[in-house]
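Notes follow once the structure below has been shown.
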Amino acid sequence: MKNTLLLGTRKGLIVCRKKAADWKIDDIHFEGIPVSIAWADERNGHWWACLDHGHWGVKMHRSPDQGATWEEVTAPAYPEGLEIKEGVPATTRYLWAMQHGGASNPNRLWVGTEPGGLFRSDDGGSSFRLIESLWNHPTRPEQWFGGGRDHAGIHSVVVDPRNEDRVLVGISVAGVFETTDAGKTWAIRNKGLRADFMPDPYAEMSHDPHILVAAPSNPDVLWQQNHCGIFRSTDGAASWEDVSEAEGPAKFGFALAVAGDNPDQAWVAPAVSDVTRVAVKNALCISRTDDGGKTWKDFRKGLPQDYSFDIVYRHALAASGDEVVFGTTTGNVFLSGDRGETWQVLSNYLPMVYSVMFC
Amino acid sequence: MPTVKFTYALKRFFPQLQDTPVKSDTLPSLLQAIDRHYPGIQSYIVDERGSLRKHVNIFIDGELIRDRETLGDTFGENSEIFIMQALSGG
C-alpha cells in the first residue's frame, strides 16, 4: 500500500501522507517555485523535483531520503550548436517527463523535455545526455511542432519491463516513437491515430498524444489520451484504435491512468476541447472503462457539478490499487478509495496542480 | 578588480552569496569565475548557450548590458557588475 502522495504544483512540491484512513497534507518543498514534475523512483525511493523557475531556468533536485535533504543536479542541457529550427538555439525550456530505466539498468533515468529532446542518464541522474538519434530524426524539423507549449515536447516515456531497452515516447506534437535498442534507432508508431487538426488526419506524423501509458499488468496494452480522442493498442503500439465514448464526455482531455491489475480498466478526466478548455458542461467527472474502452461510465459523486472550470493536466491523474487521485488547474485535489466511483476532497485551495504520484 | 553584486533573490539558492571581487575582463569569463565561488550559479544566470536568461538583467556601472546573446559588453577595472532579476509574474 502506497501511503505517500507527491504533488507538483505551481507553488512547490506538496507531500501528502495517509495516516490511518485519512490523507493529509504533510509537508512542502521548494515553496513558491513551479514544480513541473514531482517524481519518486520506485527502485530506490529517491525523490525528484523538476523545477521551472520563472527567472533562473529549469533545474533538477534529487532527494535520497524522502525530502529530508535535497541536492541540485545538473539539469539536462542541449549540446552546443543544436537548433530547434534555423536560427532558434536549442535550450531546455521545460522538464516534462521522468522515468526510470528498469531493474536491469539500476542507474538509468530518462527525461523528456521541451523543445523535444529526450535525455538519458546512466549514473543515477548526476549527468544527462541528449539522445541525438531521436533529435536528428528526419521528421523533427518539419513535422514536430508545439502543442500546449511553444515547441514540441516529450511528456511520456514508457519502458517495457520485459525488455528495458525497449522504450516508447509520447511527443506533443509528433506522436509515438519506439526504440528497441535503448535509443540508438527509432520507429514511428502512429498507425490508426487520427489528427483532426491536420489537412490529412491519417498522415503518419504530427499526432498529438497528450499522455501515453502502458498497462502495468500487460505491457502490450497501451493507452493514450490524445488531442483527438482516447486510443488503445493491444499490440505494443503497432496499431491504435479509437476507443472514445460515442455519446458522452470521455473523448478530449489530457490525463489517463490504467489500473495496476487490469489492462482493460482506465480512467480519464474529460474536458471541452480546443476552444474553452473547461470541465464538460461545467460539471467535473472522471470517466472509467472496465472493458478496454468499449464502454465508459462517468462518476461524479463528490465532485463539483456546477460552475467547475477544472482541467486535469496530463500528469495529474494517478491510480494505485483501489485508490485514484487527481489534481486540477484550479487547485482542487480529489481522492477516491473505490476506483473512482466516489470522491473526497483532499484540498480545495492548492496552487495549480501539474503532477500527482503515489509512492 | 571588478566587483559583482547580486539580487537578493539568488540568496535563497546560494546562501553564502555576497559582493564578490572577481579578476576578469569579459562577462563570460566573469560568470565562470563567480561559478567557481558559488558552484552552479552560472546556470541560473545564463542558459546552456551562454545567453542571458530571459528574466535576468546585468548592469555594468548602472547601465543595462546590450548584448544579451554573447555578453560582449565591456567594463573597466573598477566596474560594478550587478546581476538582477526582472520583476515579473505572480
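It should be emphasised that the depicted structure is a prediction, and the values quoted were computed from it without experimental measurement.
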Taking side chain as everything from C-beta outward and backbone as N, CA, C, O, which of these in A/Thr74 sits under 4.5 Å from a heavy atom of chain B? Side chain, backbone, both or neither. neither

Can you tell me how far the CZ atom of B/Phe13 sits from the CD1 atom of A/Ile33, to the nearest 0.5 Å? 4.0 Å

Check the surroundings of atom CD in A/Glu132: do more than 12 heavy atoms from other residues, nucleotides or ligands lie under 6.0 Å from it? yes

Heavy-atom side-chain contact between A/Leu82 and B/Glu48 under 4.5 Å: no

Hey, what's the ring geometry for B/Tyr44 with A/His53, parallel, tilted or perpendicular (30° and 60° as the breaks)? tilted

Is any side-chain heavy atom of A/Trp56 less than 4.5 Å from a side-chain heavy atom of B/Ile41? no

Are the side chains of A/Lys59 and B/Ser43 in contact, using a 4.5 Å heavy-atom criterion? yes

List the steps, then state whether side-chain contact (heavy atoms from CB on, under 4.5 Å) holds for A/Tyr78 with B/Asp47. CA-CA 10 Å; A/Tyr78 287 72; B/Asp47 65 21; over 6 Å; no

To the closest 0.5 Å, what do you measure between NZ (B/Lys54) and OG1 (A/Thr91)? 11.0 Å

Mind ranking A/Gly32, A/Pro79, A/Ala75, A/Ala90 by heavy-atom pairs under 4.5 Å with chain B and telling me who comes out on top? A/Ala90

Please name the pair of heavy atoms, one in A/Pro89 and one in B/Arg49, separated by the smallest distance, quoted to 0.1 Å. CB-NE, 3.6 Å

Residue B/Glu77 excluded, over 12 heavy atoms near CD under 6.0 Å: no

Steps toward side-chain contact (heavy atoms from CB on, under 4.5 Å) verdict (B/Ile45, A/His55): CA-CA 8 Å; B/Ile45 300 165; A/His55 294 81; over 6 Å; no

